[in-house]
Amino acid sequence: MNILIIDDREENLYLLEALLTGNGYGVQRAANGNEALEILHTGGIDLIVSDILMPVMDGFQLCRKVKADPSLRHIPIIIYSGTYTSPKDEELALKIGVNRFLQKPCEPEVFIQAVKEVMAAMPATESPPAETAAPEEEVLQLYNERLVHKLEQKMAEAEQEIAARREAEKALRESEQKYRQITENISDVVWLANLNMQTTYVSPSVERLVGEPIEIHRQRTMEEKFPPDSLQVLYEALVEEMENEKDPACDKKRSRLIEVQHYRADGSPIWVSINISFVRDENGTPIGFQGVTRDITDHKLAEQEREKLQTQLIQAQKMEAVGRLAGGVAHDFNNMLGVILGYAEMAQNKVSPEDPLHLDLNEIINAARRSADITRQLLAFARQQTAAPKVVDLNETVEQMLRMLRRLIGEDIDLQWWPRGKLWSVKIDPSQMNQILANLCVNARDAIAGVGKITIRTDNVRFGRDQCLGHPDRVPGDYVMLAVSDNGCGMDAETRNHLFEPFFTTKEVGQGTGLGLATIYGIVRQNDGFIDVCSEPGKGTTFKLYFPRDTAAAEAEDEPPAVDVPLGNGETLLMVEDEAAILKLGQTMLESLGYQVLVATDPTEAIALAKAHAEKIRLLITDVVMPKINGQALAAQLQAQSPGLKTLFMSGYTADVIAHRGVLDEEMQFIQKPFSREELALKVREVLG
């Protein structure tokens, strides 16, 4: 649903847009009535939320024009005003045809509820409703009355403001005349101290700097003014300057600039720069110190923020580089695994099951398949995968990950698994769930010193309205809970407050990216879930992730029954692959299945073969990423020559790379490398029909 919000104040538009988009609505913005009408006439707006007091055309005028236009009359209107708030203003709005009148500010829940109620009350069709506005004369009379009343009110306020401003200007002139010398240096604090750093004079501007009277500040010790580390820096600088005084040739007019932290009266620290020099007697001998102290807190904070952003940028670039590297490595690695798996299967078919070599080959096949699974899982951790949510049983997902999780956490950690029977289904991309489990278990392992225990649990949970109060991210309903607990070191409240911030980590430099929990939070929120964290120092940590129960009637996915490998009927296939080992393996597999196979190592050779055998070729099997022309472009060119030609794409690249080349469309046939002879046979038979 698209909502048009109209307000001449940018901060109001920002807050409304954030609130509405956060609740799933589309938003367009306008600064006045004229801009709003232009947007409305382009169409696509389902609801108007407008302020009243605006330049060019106010909210009342806009409502009248909307309700007078047959093409716009059906759009409901909510007035949201902080200026026109009297019962008479609301009466006028309702007579014009406004659906709801809200006063600024109101609670977000109240505002969103009003939007839902107004939209729920609208008819299902967009046919213009019957005219409900009051007669034009009555509306104009009320409108003029409100304008006159508001003008009188504004004039009275202006007169009061002018009078107050005159009094303030008078007082300011008197103050400037009386305290001109002090106000010239009000931003900096001038002070004097003896050689023991006891303050003998401080300018009145110290009250603004630290928030306490002069006399109280003079009585404070250095330990009460400066944090320990800053006091040490200050003392070391003074000692060094006293040592320099022993040199007869030293500069007697020199000064020293020091940046340290200083306590305010309430105990909060601020950053200051102190320019210190000696106070000397008539012989040039130091008898005290003098200095100028300046507040540089804003500068320091800006500097720290720049450093933080620079660090985050470098870290993000590193992660991007890792992702790109993982994608390229996976492609080559999957190609090699495909060769190992394919030739091992064909060799096994040539050996009797009673032969000891048959068992050895079976171990090779199993190892290759496990390696392929690990590669896909690593890609899920290193790259942003194209989300493909489907209805899953979390118990099954966790059980499939247990072996890999035990490898990740090591033998010193006891991994316990407590599944809930008859667990509800959820809809999520399984690779995202794998990523969540791996990140949580690795964090739990790092929190345990030596031997420990990690427990994974699932459960069905129902939240009522009362249980969601005070938790803005919760929505009443049925959820499936995934809990990961450890008996590690735990976390304090400060750490928990920053837990899901990107790049926040409690690990040492080089031991963590600070992106793991931020990624988990993003995945959970993307799937309309939420997270609870329970942890105390020394008492371990429990992450509870809640995912909405999938209420749609999902078809049960039974394990497919064992089937015979389908054979070909002599059909001619064209296989295109730039990796020679994969091409040779594919040709051998397909020929053993009863197909006639033409092979090409690049698209140019494939085009030539297709022209020479145009009437015979039934299926094109092509790699996605190849030099000169990619697989999709090759398929399009050959299908233009032979409209009935079918295509099967294959690749070992990651999902995001394939999606970029347009091969993840549901209508396109695709097989992931590495694949077995049986998988290839089934897929080819499926495509040929």
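Only heavy atoms go into these numbers, but all of them, side chains included; no hydrogens, no water, no symmetry mates.
Side-chain contact of E117 with Q113: a donor-acceptor pair under 3.5 Å is present, judged by distance alone. In summary, the side chains of D550 and S425 do not present any donor paired with an acceptor at a separation below 3.5 Å, with no hydrogens or angles considered.
Checked against the 6.0 Å centroid threshold, F530 and F463 count as a close aromatic pair.
Between F547 and I436 the shortest side-chain heavy-atom distance falls below 4.5 Å. Counting only heavy atoms from C-beta outward, the side chains of I531 and R525 never approach each other to under 4.5 Å. Side-chain contact between L440 and I520 is present, with at least one heavy-atom pair separated by less than 4.5 Å. Counting heavy atoms from C-beta outward, N460 and L423 have side chains that approach closer than 4.5 Å. Considering only heavy atoms from C-beta on, W417 stays 4.5 Å or farther from R457 through its side chain.
Nearest heavy atoms, I428 versus Q432: CG1-OE1, 3.9 Å. Closest heavy-atom contact between P537 and M491: CD-O, 3.2 Å. Taking both residues in full, the closest heavy atoms of K390 and P430 are given as CE-CG, 3.5 Å, listed atom of the first, atom of the second, then distance.
Environment of CZ in R9: sparse, with no more than 12 heavy atoms of neighbouring residues, nucleotides or ligands closer than 6.0 Å. In the displayed structure, E107 atom CD is contacted under 6.0 Å by at most 12 heavy atoms of other residues, nucleotides or ligands. More than 12 heavy atoms of other residues, nucleotides or ligands sit less than 6.0 Å from atom NZ of K300.
In summary, of the residues considered (V115, I48, N99), a side-chain contact (heavy atoms from CB on, under 4.5 Å) with P76 occurs for N99 alone.
Separation of atoms CE (M1) and CD1 (I45) is listed at 10.5 Å; rounding is to 0.5 Å. Atom CD1 of I96 sits about 10.0 Å away from atom CG of L62, to the nearest 0.5 Å.
Among residues at least two apart or in separate chains, salt bridge (Lys or Arg N to Asp or Glu O under 4.0 Å) pairs with a member in residues 416-426 are R420-D459.
Remark: R549 is positioned above the aromatic ring of W424, its terminal NZ or CZ atom under 6.0 angstrom from the ring centre and at most 45 degrees off the axis.
Between R100 and E90, no side-chain nitrogen of the basic residue sits less than 4.0 Å from a carboxylate oxygen of the acidic one, so the salt-bridge criterion is not met. A salt bridge links D532 with R474; the closest basic N to acidic carboxylate O contact falls under 4.0 Å. Ion pair K104/D51 flagged as a salt bridge, since at least one NZ, NE, NH1 or NH2 atom sits closer than 4.0 Å to an Asp/Glu carboxylate oxygen.
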